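Just so we're clear, the structure is a prediction, and the values are computed from it rather than from any experiment. All chains are named by letter (A, B, ...) in the order of the sequence lines, taking the proteins before the strands, and each is independently numbered beginning at 1. Note: hydrogens, waters and symmetry copies are ignored here, and every other heavy atom, side chains too, is used.
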There are 2 protein chains.
Amino acid sequence: MTSRHVESDLSLAILGLLAVAPMSGYSLRKVFLTTALKAFSGSPGAIYPALRRLESEGLVEGTVEQKDTLRPRKVFGLTRRGREVLADSLSRPVGRKDVIWGMDRLLLRFSFMSGLLSRERTLEFLNALASHTEDYLKELEAEYKTMGSGRSSFTGRAALEQGVESYRTTARWARKTLDALKKRASL
Amino acid sequence: MTSRHVESDLSLAILGLLAVAPMSGYSLRKVFLTTALKAFSGSPGAIYPALRRLESEGLVEGTVEQKDTLRPRKVFGLTRRGREVLADSLSRPVGRKDVIWGMDRLLLRFSFMSGLLSRERTLEFLNALASHTEDYLKELEAEYKTMGSGRSSFTGRAALEQGVESYRTTARWARKTLDALKKRASL
DNA sequence: TGCAGCATGTAACCTGTTACATGATTAG
DNA sequence: CTAATCATGTAACAGGTTACATGCTGCA
């Protein structure tokens, strides 16, 4: 049993990618270096240890290709348990804290939901994401107002403005995507 | 001499706050727990070690109040060198990488610029931030288009959409703030 | 009296970073 | 032939998280 969810964002991203198609460590690296998942390390010192951790937890399994060469290419795929844990990690409840400290992770989770989570679960997730984001947005807006135009610095105020705009954008995106998803028959 | 800049975001945030007014570790904690800087740890296990590191580097200096009590309150302030290093950290050049991997830090830096950096330096910074953000935005938009509506998952596409929207918002904010700043006489 | 909040800290642990290291294969 | 790219890994280090620990102060 142990933990029914993945700890680090990198590990979650790896599981999510391997759920789509089995890959070697090096291929994962290339994905992290070249696609929109650029935000992730992509450094071998992060990926290979992460893969070994996931393997020791029984979530991924590496099968060696080209056994004859000295440095064989190892292709990793999800185990059944790996797929379960991934689905569990994706469907964990969304809280206010996640919106404040873990928005990146929420979006990462969302990006992997197609095919792994039911439409209902996905709707639930997006709904929670949207409302918590709107709540926090209100709070930030309040703070911005009380800040006032006096006594606080121009750049400080502007930076907070960026934060407000950022959450506003995310809230709008979440509502829009929620609507789009509702109109769909399937995921 | 050693490093002329601060490594971690937390340390930078601490220096920035202490530049405004001297504070105790506990007060810093409260700021991180209650204001828009919530994004930072605020855990004592992060703040107190960070303060000791900064002190050992000669960037901050703690003076003890109420010497009689067993557990005295220590108020930290910037040293002259601390102020120099902070200004240097704020004025480091902005690169493409910063926009991809360190946007939070860029905004943190910007928020502290008033009073520490010249108007010209601040304009330079915002300008670089804006153009690198626009560059990266174009790249993301291109990736979104090549993704196409076929073969890729609904949630994956939607997540990328969020990324695009997010960078778009930041780019707009940067340009808007740049204009506002240009119209100003001083910072 | 007891509890919440003030105030400071330590220690184990986890994970990511940087830098280094090895060797195979392929293209110019 | 040699440089880039494929492909996998290790080791030292840094910094944050969680949990624990201490003791004071004010208030109900």
Separation of atom [atom1] in [X] from atom [atom2] in [N], rounded to whole Å:
X: B:H5; N: D:dA14; atom1: NE2; atom2: C1'; value: 14 Å
X: A:L51; N: C:dG16; atom1: CG; atom2: P; value: 12 Å
X: A:F32; N: C:dG16; atom1: CZ; atom2: C1'; value: 13 Å
X: A:K30; N: D:dT8; atom1: NZ; atom2: P; value: 10 Å
X: A:I47; N: C:dT17; atom1: CD1; atom2: P; value: 10 Å
X: B:K74; N: D:dC24; atom1: NZ; atom2: C1'; value: 18 Å
X: B:E7; N: C:dT17; atom1: CD; atom2: P; value: 14 Å
X: A:Y48; N: C:dG16; atom1: OH; atom2: P; value: 16 Å

As a test of reading the structure: which of C:dT8, D:dG16, C:dG16 is closest to the side chain of B:R53, going by heavy atoms?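 The closest nucleotide is D:dG16.
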Closest of D:dT8, D:dG16, C:dT15 to the B:S41 side chain is D:dG16
[N], OP1 or OP2 - any side-chain N/O from [X] closer than 4.0 Å?
X: B:S43; N: D:dT18; answer: no
X: B:S11; N: D:dG15; answer: no
X: A:Y26; N: D:dT8; answer: no
X: A:R52; N: D:dT10; answer: yes

Which is true for [X] with a 4.0 Å heavy-atom rule: it touches a base, it touches only sugar-phosphate, or it touches nothing?
X: A:S8; result: sugar-phosphate
X: A:S24; result: sugar-phosphate
X: A:R29; result: base
X: A:G25; result: sugar-phosphate

Closer than 3.5 angstrom, by distance alone: can the side chain of [X] be matched with the main-chain N or O of [Y] as a donor-acceptor pair?
X: B:T79; Y: B:L59; value: yes
X: B:R109; Y: B:R92; value: yes
X: A:S111; Y: B:T155; value: no

Is it the case that more than 12 heavy atoms not belonging to A:E161 sit under 6.0 Å from its CD atom?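 Atom CD in A:E161 is packed in, count exceeds 12.
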If the threshold is 4.0 Å, N to carboxylate O, is there a salt bridge linking A:R81 and A:E84?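 So A:R81 does not pair with A:E84 through a salt bridge.
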